[in-house]
*Asks:* 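Below you'll find the structure I mean.
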Amino acid sequence: MPRRYWLMKCEPSAYTIDDLARDGHTCWEGVRNYQARNFMRDDMQVGDGVLFYASNADPSGVTGVAEVVKVGYPDHFAWKKGHKYFDARSPKSEPVWVMVDIGFVERLGETVSLATLKAMSGLGSMMVTRKGSRLSVQPVTKKEFDIVVRRGRRTPSPS
DNA sequence: GCCAACGTTGGC
DNA sequence: GCCAACGTTGGC
């Protein structure tokens, strides 16, 4: 299976690329959308590249690179009563929701903002640049991945 | 904080 | 199966 590429969104109030740099790896819990779930469950493979996207940020955009380090497995947060990701419809016996683990690869020296993504050539069909695109896990092409990463490296990372 | 766009739910 | 109502996402 050839290496695939993804964009994964997260609000900075929940988790940032700096958090991932500190932790080394993390589980990507809380995805409660079937299309996103299917990507994680059916298509993600260890080694796949991930654009780490900060949503609801100032500015929103790609802040770093990660990679898939563990393929889809049950999101056990769905089993925690009282937890915000608890979902009675996803019991241990028949899990509905899935998560993957991602590992830190690099922090981009320059956030590639949504405005930049929209303005750059070659990214016109990227899902995230399209109005109303709310999917939190999206496939991207290798070409798009490379364009974004190269742009983000234009400014050296401070670390 | 506003609100448009979207996904999901549930009545019928 | 249709679709209105609702809740959520996320840019601005």
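All of these numbers come straight from a predicted model, not from anything done at the bench. Side chains included, hydrogens not; waters and symmetry mates left out as well; all remaining heavy atoms used. Below, chains carry the letters A, B, ... as their sequence lines are ordered, and counting in each starts from 1.
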*Asks:* Over how many whole Å does the gap from A:Leu7 atom CG to C:dG10 atom P extend?
*Replies:* 10 Å
*Asks:* Please tell me if A:Lys118 has a side-chain N or O lying less than 4.0 Å from either OP1 or OP2 of C:dC12.
*Replies:* yes
*Asks:* I need the CG-C1' distance between A:Asp58 and C:dG11, as an integer number of Å.
*Replies:* 11 Å
*Asks:* Output the rounded distance in Å from CE (A:Met8) to P (C:dG10).
*Replies:*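 It works out to 13 Å between those atoms.
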*Asks:* Pick the nucleotide of DNA chain B nearest each of A:Ser133 and A:Arg89; which residue has the one closer to the 5' end?
*Replies:* A:Ser133
*Asks:* Separation of A:Met127 atom CE from B:dA5 atom P, in whole Å?
*Replies:* 18 Å
*Asks:* From CG of A:Asn56 over to C1' of B:dG1, roughly how many Å is that when rounded to an integer?
*Replies:* 12 Å
*Asks:* Whole Å only: how far is the CZ atom of A:Arg134 from the P atom of C:dG7?
*Replies:* 14 Å
*Asks:* With the side chain of A:Ser55 defined as its heavy atoms from C-beta on, choose the nearest nucleotide among B:dC6, C:dG10, B:dG7.
*Replies:* C:dG10
*Asks:* For A:Ile147 and A:Met120, what are the C-alpha separation, side-chain angles and deciding distance, and is it a side-chain contact (heavy atoms from CB on, under 4.5 Å)?
*Replies:* CA-CA 9 Å; A:Ile147 291 173; A:Met120 289 181 76; 3.5 Å; yes
*Asks:* Kindly say if A:Tyr53 contacts the phosphate of C:dT9, meaning a side-chain N or O under 4.0 Å from OP1 or OP2.
*Replies:*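 Negative; the distance criterion is not met.
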*Asks:* Is A:Ser60 near enough to C:dG10 that one of its side-chain N or O atoms lies under 4.0 angstrom from OP1 or OP2?
*Replies:*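 No, because none of the side-chain N or O atoms of A:Ser60 sits under 4.0 Å from OP1 or OP2 of C:dG10.
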*Asks:* Honestly curious: do A:Leu117 and A:Val65 fall in one hydrophobic cluster under the side-chain, below-4.5 Å linking rule?
*Replies:*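 Hydrophobic grouping puts A:Leu117 with A:Val65.
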*Asks:* Return the value, rounded to whole Å, for the distance between atom CG of A:Leu135 and atom C1' of C:dT8.
*Replies:*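 Answer to the nearest Å: 14 Å.
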*Asks:* For A:Tyr34 and B:dT9, what is the distance between atoms OH and C1' respectively, to the nearest whole Å?
*Replies:*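 So the two atoms are 11 Å apart, to the nearest Å.
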*Asks:* Can you find a side chain N or O atom of A:Lys131 that sits less than 4.0 Å from OP1 or OP2 on B:dA4?
*Replies:*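 No, no such contact exists.
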*Asks:* For a quick test of reading the model, state the closest non-hydrogen atom pair linking A:Val50 to A:Met8 and the distance between them.
*Replies:* CG1-SD, 3.6 Å
*Asks:* Can you check whether A:Lys9 has a side-chain N or O nearer than 4.0 Å to OP1 or OP2 of C:dG10?
*Replies:* yes
*Asks:* Return yes if a side-chain donor-acceptor contact under 3.5 Å exists between A:Gln138 and A:Ser133, otherwise no.
*Replies:*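 Judged by distance alone, the side chains do pair up.
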*Asks:* Please lay out, stage by stage, how A:Phe52 and A:Trp28 fare under the test ring-ring contact (aromatic ring centres under 6.0 Å, His included).
*Replies:* CA-CA 12 Å; A:Phe52 191 103; A:Trp28 203 259; 5.7 Å; yes
